[in-house]
Protein chains: 4
Amino acid sequence: MPTKLARTKPPEARRADLMNAAQRLFLRRGVAATSIEQITEAAGVAKGTFYLYFDTKEAIRAALGERFAQGLLAVIEAAIANVPAADWPGKLDAWARGAVAAYLDAIRLHDVLFYEAHPPNRRGATDNVIVDHLTSLLRAGEAAGAWAVPDARVTALFLFSGLHGVIDAAQVAGNRVDRRALSARVARLCFRAVIG
Amino acid sequence: MPTKLARTKPPEARRADLMNAAQRLFLRRGVAATSIEQITEAAGVAKGTFYLYFDTKEAIRAALGERFAQGLLAVIEAAIANVPAADWPGKLDAWARGAVAAYLDAIRLHDVLFYEAHPPNRRGATDNVIVDHLTSLLRAGEAAGAWAVPDARVTALFLFSGLHGVIDAAQVAGNRVDRRALSARVARLCFRAVIG
Amino acid sequence: MPTKLARTKPPEARRADLMNAAQRLFLRRGVAATSIEQITEAAGVAKGTFYLYFDTKEAIRAALGERFAQGLLAVIEAAIANVPAADWPGKLDAWARGAVAAYLDAIRLHDVLFYEAHPPNRRGATDNVIVDHLTSLLRAGEAAGAWAVPDARVTALFLFSGLHGVIDAAQVAGNRVDRRALSARVARLCFRAVIG
Amino acid sequence: MPTKLARTKPPEARRADLMNAAQRLFLRRGVAATSIEQITEAAGVAKGTFYLYFDTKEAIRAALGERFAQGLLAVIEAAIANVPAADWPGKLDAWARGAVAAYLDAIRLHDVLFYEAHPPNRRGATDNVIVDHLTSLLRAGEAAGAWAVPDARVTALFLFSGLHGVIDAAQVAGNRVDRRALSARVARLCFRAVIG
DNA sequence: AATGAATGAGCGTTCATTCAT
DNA sequence: CATGAATGAACGCTCATTCAT
């Protein structure tokens, strides 16, 4: 007979309690490793209550994703809003800075929510090899005077991730990919980013 | 007493059988959804045999990741090998094209091995929202004559993924991140990729 | 604040609403597979209201059984009522025809209410095996000129079910059964039904 | 570390252990009310072991039904086997007595396995009303000298159950039922069983 | 080296029932 | 009378891992 008060809460509040508890746990241990019971316990309700608000574990993950996306977009748009309408480079710059800021605060949440990517640096395993290789290439080119790259590793990471993302998306789209065109586009983007 | 022959195989062969079977299954249904028993069955050995070669399910995933990385690097290095030593832009170009080619063939394996990624809408709705937003920005800037971007969506994807990758890495590194510096670096890379 | 009208109904009406809703659902999906919530939803009341009228899920099942029995008896009695008082064979005939008619209309409800019977192959394979066996016996006897049985399968079914029912009842009564007597009685009934 | 011996048993033995344990429990509390864990506990194995031998709770119920049917048929056939080939009434008599004997020993198992019919006399609720009615009719007819029925209640039970079984089967068959014909057949069977 | 029977913790989900409003 | 949010015990099933043979 503890909490005699507020056995009933406004639905949005209960829902939010559950989402907050889930987010905390998902961040700490990943989605798969978090059980419904842990979520309800952290939210201070009974197990069955979870199913009053969400049909499924997946449903709460999706709701969290939605909420995450809203916040993110708001931040980025706010960053651009201050730039004069005609200043396009300024807008691009604001976009980049806004996005960096927003993701820096939430990247782990993003990754946990959209890839199940807990163990830090798991993704690194392979990618590091490739990124290391590109980093060396960039440094060598710089040493040879071919270009100037202030931070070879960050650049290599950026190019590799960009390339990877483009390919992922192409794959997901599923329609036949025009390999030549894709190759050329990606090569051009790398080229310009490095050579300017 | 049937198959009296070859009950015993060279350890490396057994190990490879298991890895090949696992890779096939991981690709088909994901890592979590593949059971040890399915792997051993596909490899034609008993369940217990698995544990003679790998300590853990995670261990075989890691071994597969290792093997994957080796193959990838080989392909990319081969692509560069043909470029004259002094032609740095050519090397960068070769790197990009080699990497695109290599990942196009294996992106699904990569993602399944390093994120638990089940194809459609792997990247959450989130990313799409942000990428859409940047795509619009790029198109608007182009319409205003601020820059020329052949394929705004691919470019947006590239920049977003690059940015995301850089932040992920920064986070994983864990040490205090210099937000200003990171921001500036990323903004510059975006800037050059777009403005040239 | 909508439906301010008729939030309250005469208790018998509410009770009937619930029973009707429950009967419909029990018929469609069985008793066990029907939840209280489905019943209240179909009856247009809140979950808790159910417990104002019935103590238990079992209680509503029992009430439905009661109601079912009343209706049945009325039909059968009506069928007999038209037969002249002195015509006993006629009464027996009327009983049989009345009962067949009444049950044909409601057998599914009966079975769902009293056994948890989901239609196809309710009676297990078992019964079929035994009935098949008796059917063969009846046919063989007829071929040998020992008796005449218009429809061997229906007869076999009838005898088997009759026998089964008698034994079930004996078992339920629980008191020590006089096996010899029971055996003799059943054998005699089978005998007369077949040999006349 | 108790039972160091016989951690592994011949599969048929384990399977039989599980079936025996399940049968005991099903008889005691019904199928639905028996949990897998109770079965495995009673069989002296771990929960997971159950699924090495049966895919599903329903699967063990079915296996038990199969086993039950085999035994039953054997008993009845044995009863008939002793009757001279030409003695058809004797065969019918033997069938009836054999079936009664066999089912007397196992009726509860049969009912639990094929209908979920635990609470004794649940089935009675309705059926009793109808059977009582027929019993009265039979007694009244006898009092009037219309027929002679040694045990009116058993006869009424027999006729009612026979009728019920025939209708159930007709319903399950599902094809359009010829109500007139069915009625006539059943009436005739009742008639002969009573009037001789 | 190889087997595969056995284990048992763990999980997502359901639902009859209660009770504060 | 009526509501419906909250409860929490219960259950079927999965599967990585162990170990006697």
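As the structure is a computational prediction, the values presented were derived from the model and not from experiment. Chain letters run A, B, ... following the sequence lines, proteins first, then strands; residues in each count from 1.
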Using a heavy-atom cut-off of 4.0 Å across all strands, would you classify [X] as base, sugar-phosphate, or nothing?
X       : value
D:Phe54 : nothing
D:Ile36 : sugar-phosphate
D:Thr34 : sugar-phosphate
A:Pro11 : nothing

Round to a whole Å and report the spacing from [atom1] of [X] to [atom2] of [N].
X       : N      : atom1 : atom2 : value
C:Tyr51 : E:dT17 : OH    : C1'   : 5 Å
B:Glu58 : F:dT17 : CD    : P     : 10 Å
A:Leu25 : E:dG12 : CG    : P     : 12 Å
C:Phe50 : E:dC19 : CZ    : P     : 17 Å
D:Lys9  : E:dG4  : NZ    : C1'   : 18 Å
C:Asp17 : F:dA2  : CG    : C1'   : 14 Å
A:Glu41 : F:dT7  : CD    : P     : 13 Å
C:Lys57 : E:dT18 : NZ    : P     : 15 Å

Student check: side-chain heavy atoms of [X] and [Y] closer than 4.5 Å:
X       : Y       : value
C:Tyr51 : C:Thr56 : no
C:Phe50 : C:Ile60 : yes
D:Leu64 : D:Phe68 : no
C:Met19 : C:Phe54 : yes

I want to check one thing: is the phosphate of E:dT13, taken as OP1 and OP2, less than 4.0 Å away from some side-chain N or O of A:Thr56? yes
At under 4.0 Å, does any side-chain N or O of A:Arg14 touch on OP1 or OP2 of F:dA5?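 Answer no for this pair, as no side-chain N or O of A:Arg14 is under 4.0 Å from OP1 or OP2.
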Any donor-acceptor pair under 3.5 Å joining the side chain of A:Lys47 to the base of F:dT7? no
If I compare all heavy atoms of B:Leu18 with all of B:Ala43, which pair ends up nearest, and what's the gap? CD2-CB, 3.7 Å
On DNA chain F, nearest-nucleotide positions of A:Ala46 versus C:Ala46: which is more 5'?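 It is C:Ala46 whose nearest nucleotide is closer to the 5' end.
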Secondary structure of DNA chain F per the Watson-Crick/G-U criterion (both distances under 3.5 Å; [ ] crossing, | other strand, . unpaired) is .||||||||||||||||||||
With distance as the sole test, does A:Arg61 use its side chain to make a donor-acceptor pair with the main-chain N or O of A:Val31 at under 3.5 Å?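 A pair under 3.5 Å: no.
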If you find the nucleotide of DNA chain E closest to A:Asp55 and the one closest to C:Glu37, which residue's nucleotide is nearer the 5' end?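 Closer to the 5' end of DNA chain E: A:Asp55.
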If each of B:Thr49 and C:Gln38 is mapped to the nucleotide of DNA chain E with the nearest heavy atom, which maps nearer the 5' terminus, i.e. the 5' end?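 The answer here is B:Thr49.
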Between E:dT13, F:dT3, F:dA2, which one does the side chain of C:Tyr53 approach most closely?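 Out of E:dT13, F:dT3, F:dA2, the nucleotide with an atom closest to C:Tyr53's side chain is F:dA2.
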Counting side-chain heavy atoms from CB outward, which of F:dT3, F:dA5, E:dA1 is closest to A:Leu52? F:dA5
Would you say A:Arg15 and A:Asn20 are linked by a side-chain donor-acceptor pair, where the criterion is simply a distance under 3.5 Å?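 A:Arg15 and A:Asn20 do not have a side-chain donor-acceptor pair below 3.5 Å.
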Not counting sequence neighbours, which residues clear salt bridge (Lys or Arg N to Asp or Glu O under 4.0 Å) with A:Glu41? List them please. none
